[in-house]
There are 2 protein chains.
Amino acid sequence: MTDPLSDRPAYRQVADRLRAPIESGEWPAGHKLPSESELMEQFSVSRVTVRLAVGALRAEGLILTRQGRGSFVRDRAANRRVSSTRYQHDARYAAGRVAEPATGFGNSPEDRNRLECSFREQRANQQVADFLGLQVGEPVLERHYVHYVDERPERISTSYLPMELVKDTPVADPANEPWPGGTVAQLASLGQPVTRVIESVRARMPTPDESTTLRLSAGVPVLVVTRRMLTGADRDHPVEAAVDIVLPADRVVLDYVVDLAD
Amino acid sequence: MTDPLSDRPAYRQVADRLRAPIESGEWPAGHKLPSESELMEQFSVSRVTVRLAVGALRAEGLILTRQGRGSFVRDRAANRRVSSTRYQHDARYAAGRVAEPATGFGNSPEDRNRLECSFREQRANQQVADFLGLQVGEPVLERHYVHYVDERPERISTSYLPMELVKDTPVADPANEPWPGGTVAQLASLGQPVTRVIESVRARMPTPDESTTLRLSAGVPVLVVTRRMLTGADRDHPVEAAVDIVLPADRVVLDYVVDLAD
DNA sequence: CAGTGGTCTAGACCACGCT
DNA sequence: GCGTGGTCTAGACCACTGT
């Protein structure tokens, strides 16, 4: 039953009573919630009220609903770690100092990875021009990737390289993807050893397109990384800009190692 | 009008037709959407259908609704940048090599910052023990913070220090907060200069409590950072663990600088 | 087939914000 | 007072999942 005297709306009271056993762990991941008809009877409310409550929990990312089956407690443990140390590792690989590249953005074995990519020549927009130190309209190579791990899409990204740098080189040929050692190794092959990577991390709800591509359930945000790669002894010459690396937040953790030495 | 022949449900069609002018920029941040009655008439659908459409846009973080006023396009530009370089800066400050500390987690002028904190002695749980290299149950100092910038709550965090390290020191006294130079400077004052910081970044939807404290509107995720601070020449001796630094994703961007030098 | 969630209608009353 | 969104009801039909 709900308390009609409370100023807390009925649907919130129902949501609260369902949230408690989820957050306490009493209902573990995969546990089936009572059906909507059971909840209607249990709390003496209409179907619309029940659905408002269930919808709230779904928007919080606590449950997922499947037509014809029911509502279930979602597994919220993100398990793929993506570490900033992969850049250092790939730089050492490109310099011939280690035998194996870092195993992709996902640090997962090669045989579980798959990459879809499409390249095209494009003219720099304002943001890309700012990042690469170019004028708006200068030619750049736009590279669009969808990265799969175990047949699950785990990353959408769009990256830009100055056309002047890559024209008529193996880097501009999508047939050479996936390139061992990634973008860091590609730039090294062009005589541009990366000396600094700057990543900016944001989070937001996915667009419907992203939600479809990444197969996200309701209530799951995306991590959005923008990346700049720089070369030179002063680490200030931009050579690559990845403006949107979109990652599913229910599966990915980003690790950053910051060393203090002066 | 909606197309009843389409297999796309009516509420999605309405949502699509409202999303287009928002994403194209035709309706800029702050623009008022048509009222629910107007949408009912315009698309010849019931109120419930209109509210499903509006609710979907709200869950995507595109709009916010205010009772008695209407629905408005939300401003999605996050503007506070939090950079990993603040740790290096604070280390130099603690070593007396620069005159001013980094201006807080938010890198914003001191006079716009305010800190609420509460300290208490606690026994390490499994996660804290793992992070600090202690046994479960060993005493730790638990520090809970809420950080405001311009009177807006911008960060909730819980941090742990080994009790053995801080007992009867100025660091254990909340009256000394905010401490110039932050945790890095506090540890330096204890003879524990931090040599490495490891941050793990996740994103998820907020709990109702977090949503209230951070004054989040619907459809806004939180960035969740867990941090470990390490000392020693081998950068492997843990001295601090911040298990949950919760940041509003509509206002904060995290910047990380990764230098490659070998 | 029965049970589940997904969509949709018509109608009602309330709380809030502005004039 | 009036228009706004917030909450709630009773009832209907559909699509999907399992037996």
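Letters go in sequence order (proteins before strands), and every chain restarts at 1.
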In whole Å, I'd like the distance from the [atom1] atom of [X] to the [atom2] atom of [N].
| X | N | atom1 | atom2 | answer |
| --- | --- | --- | --- | --- |
| A:E38 | C:dA2 | CD | P | 18 Å |
| A:I63 | C:dG5 | CD1 | C1' | 11 Å |
| A:L52 | D:dT9 | CG | C1' | 12 Å |
| A:M40 | D:dC8 | CE | C1' | 12 Å |
| B:K32 | C:dC18 | NZ | P | 12 Å |
| B:E41 | D:dG3 | CD | C1' | 15 Å |
| B:L18 | D:dG5 | CG | P | 12 Å |
| A:L39 | C:dG5 | CG | C1' | 12 Å |

- prompt: Relative to each other, are the rings of B:Y256 and A:Y256 parallel, tilted or perpendicular (30° and 60° limits)?
  reply: parallel

- request: Could you tell me whether the side chain of B:R74 and the main chain of B:G61 form a donor-acceptor pair under 3.5 Å?
  value: yes

task: First locate atom CD1 of B:I198, then atom OG of A:S83, and finally report the distance between them rounded to the nearest 0.5 Å.
output: 8.5 Å

- prompt: Could you state the interatomic distance from CD1 (A:I156) to CG (A:L247), rounded to the nearest 0.5 Å?
  reply: 9.0 Å

- prompt: For B:E121, does the CD atom sit with more than 12 other heavy atoms under 6.0 Å from it, leaving out its own atoms?
  reply: yes

- prompt: Among D:dC8, C:dT7, D:dT7, which nucleotide sits nearest the side chain of B:R51?
  reply: D:dT7

field: Nucleotide nearest B:R12 (side chain, heavy atoms from C-beta), chosen from C:dT4, C:dT7, C:dG6
entry: C:dT7

Salt bridge between [X] and [Y], side-chain N to carboxylate O under 4.0 Å?
| X | Y | value |
| --- | --- | --- |
| A:E154 | A:R114 | no |
| B:E151 | B:R215 | no |
| A:E60 | A:R76 | no |

Phosphate oxygens OP1/OP2 of [N]: is one of them under 4.0 Å from a side-chain N or O of [X]?
| X | N | answer |
| --- | --- | --- |
| B:S35 | D:dG3 | no |
| A:T65 | C:dT4 | no |
| B:S71 | D:dT4 | no |

Which part of the nucleic acid does [X] contact within heavy-atom distance under 4.0 Å: base, sugar-phosphate only, or nothing?
| X | result |
| --- | --- |
| A:R66 | sugar-phosphate |
| A:V45 | sugar-phosphate |
| A:R8 | nothing |
| A:S46 | base |
| B:T49 | sugar-phosphate |

- prompt: Where along nucleotides 11-19 of chain D does protein come under 4.0 Å, by heavy atom, of base (B) or sugar-phosphate alone (S), with - for untouched nucleotides?
  reply: -B--BBSS-

